[in-house]
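In what follows, a structure is listed as structure tokens, so that the remarks can point back to it.
Here is how names work: the chains are called A, B, and so on, in the same order as the sequence lines, proteins then strands, and each is numbered from 1.
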Amino acid sequence: MTDDDDAERDAVAGTRLARRWRALDRGWQALCLGLAIVFVHLVIYPV
Amino acid sequence: MTILDDLRPYVPGLALLGGGALFATLLGGAVSGLQPLVVAVAAGVVAANTVGTPAAAEPGVALHKLALETGIVLLGAAIAIEELAAAGPTVLGLVVVAVAGGLLLSEAVARGLFRIGGTTPSLLAAGASVCGVSAVVAVGRVLEARGAALTFAAATVLLFDAVTLVAFPLAGEWLGLTARQFGVWAGVSMFSTGPVAAAGFAHSTEAGQWATVTKLARNSLLGGVAVAYSVAYAARSATDPEARELWAEFPKFLLGFLLVAAIANGGLLSSAAIDSITAVSDGLFLVAFVGLGLSIRVRELRSVGLAPVGVVLVHLLVVSALALVAVRTLL
């Protein structure tokens with residue numbers, strides 16, 4: 001596998017992620033972002 | 001690398017929002033009694049109506065609504081469910097009565113008093129009663145309203161968003177309302193979610209939380225209102241089941257708010273985590289309110305017609321007066 005192949009695969013993955021993200025309703029985006037932030041806090045500040 | 005490419009168009013706008021938020025924090029910190037959230041909205045309005053928003057910044061600035069909704073999801077961490085449950089039935093009752101009564105009042109005033117025909121009365125009623133511009137757009141889609149009617153109704157709601165954003169905090173202070181009373185009053189009476197939260201936080205943090213929670217309860221009725229309108233106008237497609245339509249119009253971030261509130265009240269978050277999440281939520285609100293200010297264009301608001309203004313003004317005066325009596329008596 002060449003560097004170009006890797007770059008192309010990364011590019012497709014990035015684009016796909018962005019496309020999927022943009023396809024989400026804004027309410028779902030907010031829910032996902034909010035839960036991600038809470039999850040990060042659960043890891044950083046354990047009870 | 002491609003993800004960075006995807007993010008690049010949003011960088012100028014996010015930098016503008018972040019710069020505005022930083023300015024609001026610094027100015028709010030330097031002048032006692034000045035709320036950073038109020039400065040954020042004011043800075044946005046001044047910038048948008050003097051130098052304007054650069055075209056390159058538009059995609060990033062448009063993310064302010066996502067920032068607002070994410071901030072509301074995170075606000076769940078600061079909400080005490082016990083307190084919410086205690087006042088919940090009263091607030092929920094107020095919300096249902098205000099939305100149903102407000103819809104009927106606006107329809108009657110628009111059609112009977114101001115002789116407005118077509119779908120415009122329904123768009124104005126939905127915008128004023130449920131959740132501002134998003135309700136205008138949702139009901140407009142269900143009723144297949146014309147573009148001009150949509151623009152007109154949305155501009156009218158935006159005009160009142162701008163006016164109430166300034167008037168409500170002043171009135172709340174003058175009336176000597178408690179934080180909870182003011183929050184619920186603003187949440188029941190004002191229109192769009194952003195200005196409701198901004199007005200609430202301009203009063204106090206507690207009022208901001210109550211205003212947002214009350215407004216969320218109102219927003220959750222949007223699906224039901226859209227379906228009720230589609231049935232009333234008999235424009236509903238036979239292949240589109242009601243439950244699907246209800247779900248399509250339901251604000252999904254509300255689920256996130258409830259989920260985060262459940263996580264926080266379930267003891268899964270340490271107090272340090274709750275403090276930090278609340279700080280992130282405050283930061284997102286600041287960014288969102290700069291964007292809210294940037295979206296207020298005074299020139300566009302001037303073009304709103306007198307009849308829609310009359311309808312919404314009657315709605316606002318009647319609903320806010322009755323809601324004021326209710327919050328003073330019940331809360």
(message) Please classify the contact of L259(B) with chain A as side chain, backbone, both or neither, using a heavy-atom distance under 4.5 Å.
(response) side chain
(request) Could you tell me the separation between the OH atom of Y45(A) and the CD1 atom of I277(B), rounded to the nearest 0.5 Å? (result) 9.5 Å
(request) Please round to the nearest 0.5 Å and tell me the distance separating atom CG of L17(A) and atom CG of D6(B). (result) 8.0 Å
(message) Can you confirm whether R22(A) is buried at CZ, in the sense that more than 12 heavy atoms of other residues, nucleotides or ligands lie under 6.0 Å from that atom?
(response) yes
(message) Can you tell me which portion of L66(B) sits under 4.5 Å from chain A's heavy atoms? Options are side chain, backbone, both or neither.
(response) both
(message) Once rounded to the nearest 0.5 Å, what's the spacing between atom CZ of R26(A) and atom CD of E69(B)?
(response) 4.0 Å
(message) Taking side-chain contact (heavy atoms from CB on, under 4.5 Å) as the criterion, tell me which of V73(B), V280(B), V260(B) meets it with V38(A).
(response) V260(B)
(request) Please collect all side-chain hydrogen bond (donor to acceptor under 3.5 Å, both in side chains) contacts where either partner lies in residues 275-295 of chain B, sequence neighbours excluded, each pair once. (result) H41(A)-S276(B)
(request) To the nearest 0.5 angstrom, please state how far the CG atom of D25(A) sits from the CZ atom of F253(B). (result) 10.0 Å
(message) For a quick test of reading the model, state the closest non-hydrogen atom pair linking P46(A) to S270(B) and the distance between them.
(response) O-CB, 4.0 Å
(message) Is it the case that the side chain of T70(B) and the backbone of G34(A) share a donor-acceptor pair, with hydrogens and angles ignored and the cut-off at 3.5 Å?
(response) no
(message) Could you measure the distance from the CD1 atom of I37(A) to the CG atom of L74(B)? Nearest 0.5 Å is fine.
(response) 4.5 Å
